[in-house]
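Step one of this worksheet: look at the structure below.
Reckoned from all heavy atoms, side chains included, excluding hydrogens, waters and symmetry mates.
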Amino acid sequence: MGAQQVAERFAELYGAGPEGVWAAPGRVNLIGEHTDYNDGFVMPFALPHQAVAAVSRRDDGVLRLHSEDVEGGVVELRLDALAPQTDREWTAYPAGVVWALREAGHEVTGADVHLSSTVPTGAGLSSSAALEVVIALALNDLYDLGLQRWKLARLCQRAENVYVGAPTGIMDQTASACCEQGHALFLDTRDLSQQQIPFDLVAEGLRLLVVDTRVKHAHSGGEYGKRRAGCEKGAALLGVDALRDIPYDGLDAALARLGDEEEVIRLVRHVVTEDERVERTVALLRAGDTRAIGPVLTEGHASLRDDFRISCPELDLVVDTALATGALGARMTGGGFGGSAIVLAEAADVDTLTKAVEEAFAAADFKTPRVFEAVPSAGARRLS
C-alpha cells in the first residue's frame with residue numbers, strides 16, 4: 001500500500017487523517033553474518049520492500065495499533081502498563097519502541113498507528129526491524145525528539161532485545177534507518193561508524209537475487225541465543241572484549257588456545273573469517289571488481305553451514321543449484337534456520353537461474369520459493 005492508501009485506511013479506523021506517513025525498509029545483508037553482536041563488520045543494503053506507518057499523537061497515555069497484514073481489529077495498550085516480554089504478538093515490536101523511548105526519558109504520551117508492510121515475514125529480511133524503525137522515526141518527528149538515526153537504531157535494538165526478548169545485534173535496525181539508495185552500508189558495529197559503498201549492479205550488468213525459501217525462522221528461538229552465548233564464551237576464554245578483537249592472522253593461534261572446546265572453536269572461526277570477508281568485499285567493490293565478490297559470498301555460506309551450523313536443506317539447495325547453473329556466488333543471508341539466500345548473477349542468467357532453483361525445489365518436494373531482485377534502496381524516511 002502507498003502512503004495515500006495507508007493514510008486513508010488510518011482515517012477509516014480512527015475517524016481523522018494522520019499527522020504523517022513514514023516508511024522504513026527491510027534489508028538484505030550482502031556479507032557479515034552473526035558478526036554484529038561480536039562488535040564486528042557488516043554490509044547490508046536496504047530493500048524496496050518496506051513497512052509504512054500512518055501515525056498521530058495522543059496525549060492520554062494510550063497506544064492504539066492496527067496492521068493491514070494481521071487479522072483482527074485495533075489493539076489498545078496503556079503506556080504505563082507496557083512491560084518487557086509480556087506481549088508475544090506482532091504488537092510487541094511497535095509497543096517495544098514506545099517503551100524504549102519512554103525508558104530513555106523521552107516524553108511520548110501516546111499514538112494512533114496504522115501499519116502496512118511489504119517486507120516478507122520470517123524470510124530473514126528484517127521485517128521486525130522495519131516495523132520498529134518506522135515507528136521510531138515517526139515518533140521522533142512527531143514529538144520533536146531530535147534523535148539521530150544511529151540513536152534511533154540503538155533504541156529499536158533495545159526494544160527487540162529487552163521488550164521482545166530476541167538477542168539480535170544492531171545491524172538490522174541501522175540498515176533500515178541509515179541505508180542510502182544505490183549503496184551498501186559498511187558498518188562497524190563497535191563504534192557505529194558508517195561508510196556508504198557504491199553498489200550499482202545494474203550498471204555492471206549484474207543482478208542480486210533473493211530466494212525466500214519460505215522456511216520460517218524465529219530469532220527469539222533458542223538456537224540463535226545459543227550461538228550468541230557460544231561467541232561470548234569464546235571471547236571470555238580468549239580474554240578479549242569481543243571476537244572482533246581476534247586478528248585474522250592470529251586466528252590459528254587463538255583456536256589452539258581453545259583446546260577441546262569444539263563448538264566454540266567453530267563459532268570463533270566463523271566470526272573472525274567473516275569479518276575478514278566483509279573487509280575483502282569492501283576492498284573489491286571500491287576497486288570496481290564487483291564480480292569478484294561472488295566467491296567471497298560462497299565462502300561465507302560454507303562457513304555459516306559448516307562452522308556456525310545455521311543453514312538448512314532448502315538454503316543449501318539454493319546455493320548449490322545456483323552455483324551449478326552459473327551464478328557468480330551465493331549464500332544464505334539473515335539469522336539462519338530458514339529464511340532467504342542471495343545469488344549474484346549476470347543479468348542474462350537470471351531467468352535460467354530462477355527456473356533451475358524452482359525446479360530443484362519441486363524435485364525435492366519443498367515449498368515453491370519466492371525469487372525477486374534485490375535493488376539497493378533508500379532507508380527510512382517521511383512520505384507525507
Side-chain angles (χ1 to χ4, degrees), residues 26-35 42-45 47 120 122-126 171 184 199 201 206-217 223-224 227 266-267 269-271 273-278 280-281 284-285 290-374:
R27 66 95 188 97
V28 161
N29 193 24
L30 182 63
I31 193 76
E33 218 65 79
H34 289 270
T35 51
V42 295
M43 201 172 186
F45 63 89
L47 288 167
L125 304 175
S126 298
M171 173 181 65
F199 192 50
L201 295 165
L206 298 172
R207 298 292 186 272
L208 190 76
L209 300 178
V210 174
V211 182
D212 175 5
T213 65
R214 300 188 185 271
V215 176
K216 299 292 184 182
H217 73 145
E223 291 301 317
Y224 185 99
R227 301 308 189 278
R266 289 189 286 98
L267 298 178
R269 183 166 54 220
H270 166 73
V271 172
T273 58
E274 187 79 347
D275 273 335
E276 187 273 340
R277 282 186 284 273
V278 177
R280 210 181 337 153
T281 298
L284 288 167
L285 290 177
T290 304
R291 284 172 174 79
I293 75 171
V296 186
L297 303 182
T298 306
E299 284 176 33
H301 183 77
S303 182
L304 289 162
R305 180 192 63 209
D306 301 334
D307 276 344
F308 229 67
R309 299 189 180 179
I310 58 171
S311 189
C312 67
E314 290 86 351
L315 288 168
D316 292 340
L317 184 59
V318 174
V319 172
D320 293 345
T321 302
L323 294 174
T325 315
L328 298 171
R331 74 172 190 92
M332 58 153 287
T333 187
F337 312 106
S340 298
I342 56 174
V343 178
L344 182 68
E346 302 287 350
D349 294 337
V350 166
D351 290 345
T352 302
L353 283 164
T354 300
K355 183 180 179 182
V357 169
E358 291 173 345
E359 289 178 347
F361 268 55
D365 201 26
F366 293 155
K367 290 181 181 178
T368 302
R370 179 186 181 205
V371 184
F372 60 91
E373 183 182 342

For [X] and [Y], which heavy atoms make the closest approach, and how far apart are they?
X      : Y      : result
Ala341 : Leu315 : N-CD2, 3.8 Å
Pro313 : Phe366 : CB-CZ, 4.1 Å
Gly32  : Met171 : O-SD, 4.3 Å
Phe45  : Ala184 : CB-CA, 3.9 Å

* Can you check side chain to side chain contact (heavy atoms under 4.5 Å, CB included) on Leu267 and Val271, steps first, answer last? -> CA-CA 6 Å; Leu267 298 178; Val271 172; 5.7 Å; no
* **Test side-chain hydrogen bond (donor to acceptor under 3.5 Å, both in side chains) applied to Ser126 - qualifying residues, sequence neighbours left out** =>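 Ser126 satisfies side-chain hydrogen bond (donor to acceptor under 3.5 Å, both in side chains) with Arg27, Asp172 only.
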* **Thr298 (side chain) donor-acceptor with Gly294 (main chain) under 3.5 angstrom** =>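 Side chain of Thr298 to backbone of Gly294: a pair is present.
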* To do: Look only at the side chain of Arg214 and the backbone of Thr368, and say whether a donor-acceptor pair between them is shorter than 3.5 Å.
  =>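 Yes: the side chain of Arg214 pairs with the backbone of Thr368.
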* To do: Apply the side-chain contact (heavy atoms from CB on, under 4.5 Å) test between Leu30 and each candidate in Val278, Leu285, Val42; give the one that qualifies.
  =>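 The passing option is Leu285.
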* Can you tell which of Leu206, Ile31, Leu284 makes a side-chain contact (heavy atoms from CB on, under 4.5 Å) with Ile293? ->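 Answer after filtering Leu206, Ile31, Leu284: Leu284.
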Spatial distance of atom [atom1] ([X]) from atom [atom2] ([Y]) [nearest 0.5 Å]:
X      : Y      : atom1 : atom2 : answer
Leu208 : Phe199 : CG    : CZ    : 5.5 Å
Leu328 : Asp349 : CG    : CG    : 8.0 Å
Leu344 : Leu201 : CG    : CG    : 6.5 Å
Asp212 : Lys367 : CG    : NZ    : 10.0 Å

* Asked: Are the side chains of Thr333 and Ser340 in touch, meaning some heavy atoms are under 4.5 Å apart?
  ->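 Thr333 reaches Ser340 side chain to side chain.
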* Asked: Is the shortest heavy-atom distance from the side chain of Thr213 to the side chain of Pro369 under 4.5 Å?
  ->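 A side-chain contact is absent here, since even the closest heavy-atom pair is not under 4.5 Å.
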* Summary of ring pair (Phe, Tyr, Trp, His ring centres under 6.0 Å) pairs that have at least one residue in residues 294-331, sequence neighbours excluded ->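 Listed once each, the pairs are His34-Phe308, His270-Phe308.
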* To do: Using salt bridge (charged side-chain N to carboxylate O under 4.0 Å, His left out) as the criterion, list what pairs up with Glu274, not counting sequence neighbours.
  =>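 Scan of Glu274 (salt bridge (charged side-chain N to carboxylate O under 4.0 Å, His left out), adjacent residues dropped) gives Arg277.
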* For Arg207, check salt bridge (charged side-chain N to carboxylate O under 4.0 Å, His left out) against everything at least two apart and list the hits. =>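 Testing Arg207 for salt bridge (charged side-chain N to carboxylate O under 4.0 Å, His left out), a comparison that skips the adjacent residues, returns Glu373.
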* Asked: Applying salt bridge (Lys or Arg N to Asp or Glu O under 4.0 Å), which residue pairs with at least one partner in residues 306-322 are found, sequence neighbours left out?
  ->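 Output for this query lists Arg269-Asp307.
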* Asked: Which residue pairs satisfy the salt bridge (Lys or Arg N to Asp or Glu O under 4.0 Å) criterion with at least one member in residues 322-348, sequence neighbours excluded?
  ->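 Non-adjacent pairs meeting salt bridge (Lys or Arg N to Asp or Glu O under 4.0 Å): Glu33-Arg331, Arg291-Glu346.
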* Test side chain to side chain contact (heavy atoms under 4.5 Å, CB included) applied to Ala322 - qualifying residues, sequence neighbours left out ->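 By the side chain to side chain contact (heavy atoms under 4.5 Å, CB included) rule, Ala322 matches Ala327, Ala330, Val343, Leu353.
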Side-chain donor-acceptor distances from residues 354-365 under 3.5 Å, at least two apart:
from: Thr354; atom 1: OG1; to: Val350; atom 2: O; distance (Å): 2.9

